[in-house]
Amino acid sequence: MPLNRGISMIPMTDSEFELVEERASAHRPGIRISPSLEQMLITRSHVGPVGYIEAEYFGGAGGQGAAVWDRGVLVVGPLVNVGEAIGIEGTPISQALRYLGVVRSFPWDEFDAAGLGRHRRTTAWLR
């Protein structure tokens, strides 16, 4: 699914995660990624950098995580932020998007510059 700034995404709902046999959140602490999904991202990253981002918020509370692979190597993260102050480097998602080439432009951060703010729920991307 195309976004802004020349990047694309594949939305994953909880039901897609349930289809992955090894859901293992312990595999990469803080982000919900299985070894098989990570292997797919590593393989794809030989064509160009690939990021994995996740966010879950309800009533302003929650967190986010991100990682980026390039040429088969984990180059960003995994980064996690759960209710902590955001440092000068930005959120985990902003850092991953920046590596993928997304440039923020006032008044938007990388998340909004990429167009990820269009929908609040993953299922809305699937319509």
Side-chain angles (χ1 to χ4, degrees):
M1 177 167 302
L3 295 169
N4 302 339
R5 313 291 186 182
I7 65 172
S8 297
M9 75 169 204
I10 300 171
M12 293 201 46
T13 63
D14 287 337
S15 58
E16 272 95 22
F17 277 109
E18 294 300 327
L19 295 174
V20 179
E21 70 283 355
E22 332 111 301
R23 186 153 174 204
S25 60
H27 174 67
R28 283 280 180 206
I31 60 174
R32 190 171 62 165
I33 189 169
S34 70
S36 59
L37 177 57
E38 181 174 16
Q39 188 55 53
M40 185 207 59
L41 296 170
I42 289 168
T43 300
R44 184 73 178 134
S45 76
H46 289 285
V47 176
V50 177
Y52 172 86
I53 63 172
E54 63 181 43
E56 188 165 346
Y57 290 93
F58 182 78
Q64 59 177 256
V68 177
W69 292 262
D70 195 359
R71 298 183 189 113
V73 177
L74 182 66
V75 292
V76 175
L79 303 171
V80 179
N81 183 294
V82 180
E84 301 156 9
I86 305 300
I88 193 162
E89 64 280 348
T91 67
I93 292 175
S94 289
Q95 291 178 60
L97 290 171
R98 218 172 12 257
Y99 187 92
L100 296 172
V102 175
V103 178
R104 63 184 296 156
S105 57
F106 184 80
W108 301 288
D109 64 4
E110 292 83 358
F111 186 90
D112 287 317
L116 288 167
R118 277 185 246 157
H119 300 292
R120 294 178 59 91
R121 300 193 188 303
T122 303
T123 52
W125 287 97
L126 302 174
R127 294 185 195 136

ask   = At their closest point, which heavy atom of Ala67 faces which heavy atom of Pro78, and how far apart are they?
value = CB-CA, 4.2 Å
query = Taking C-beta and beyond as the side chain, do Thr91 and Asp109 meet within less than 4.5 Å on heavy atoms?
reply = no
ask   = Any link between Val73 and Leu79 through a network of hydrophobic side chains (Ile, Leu, Val, Met, Phe, Trp, Tyr) touching at under 4.5 Å?
value = yes
ask   = With a 4.5 Å heavy-atom cut-off, do Tyr52 and Glu38 have their side chains touching?
value = no
remark   = dist Leu37:CG -> Gln39:CD (nearest 0.5 Å) comes out at 10.5 Å
task = Please report the shortest heavy-atom distance between Ala113 and Val102, naming the atom on each side.
result = CB-CG1, 4.0 Å
request  = Calculate, to the nearest 0.5 Å, the distance between atoms CG and CD belonging to Asn81 and Gln95 respectively.
outcome  = 9.5 Å
request  = Could you check Val75, Val50, Leu100, Ile42 and say which one makes a side chain to side chain contact (heavy atoms under 4.5 Å, CB included) with Asp70?
outcome  = Val75
query = For Arg71, which residues count as a side chain to side chain contact (heavy atoms under 4.5 Å, CB included) partner, sequence neighbours excluded?
reply = none
query = Is there a donor-acceptor contact under 3.5 Å from the side chain of Gln64 to the main chain of Ile93?
reply = yes
ask   = Taking all atoms of both residues into account, what is the closest heavy-atom pair of Pro49 and Tyr99, and its distance?
value = CB-CE2, 4.0 Å
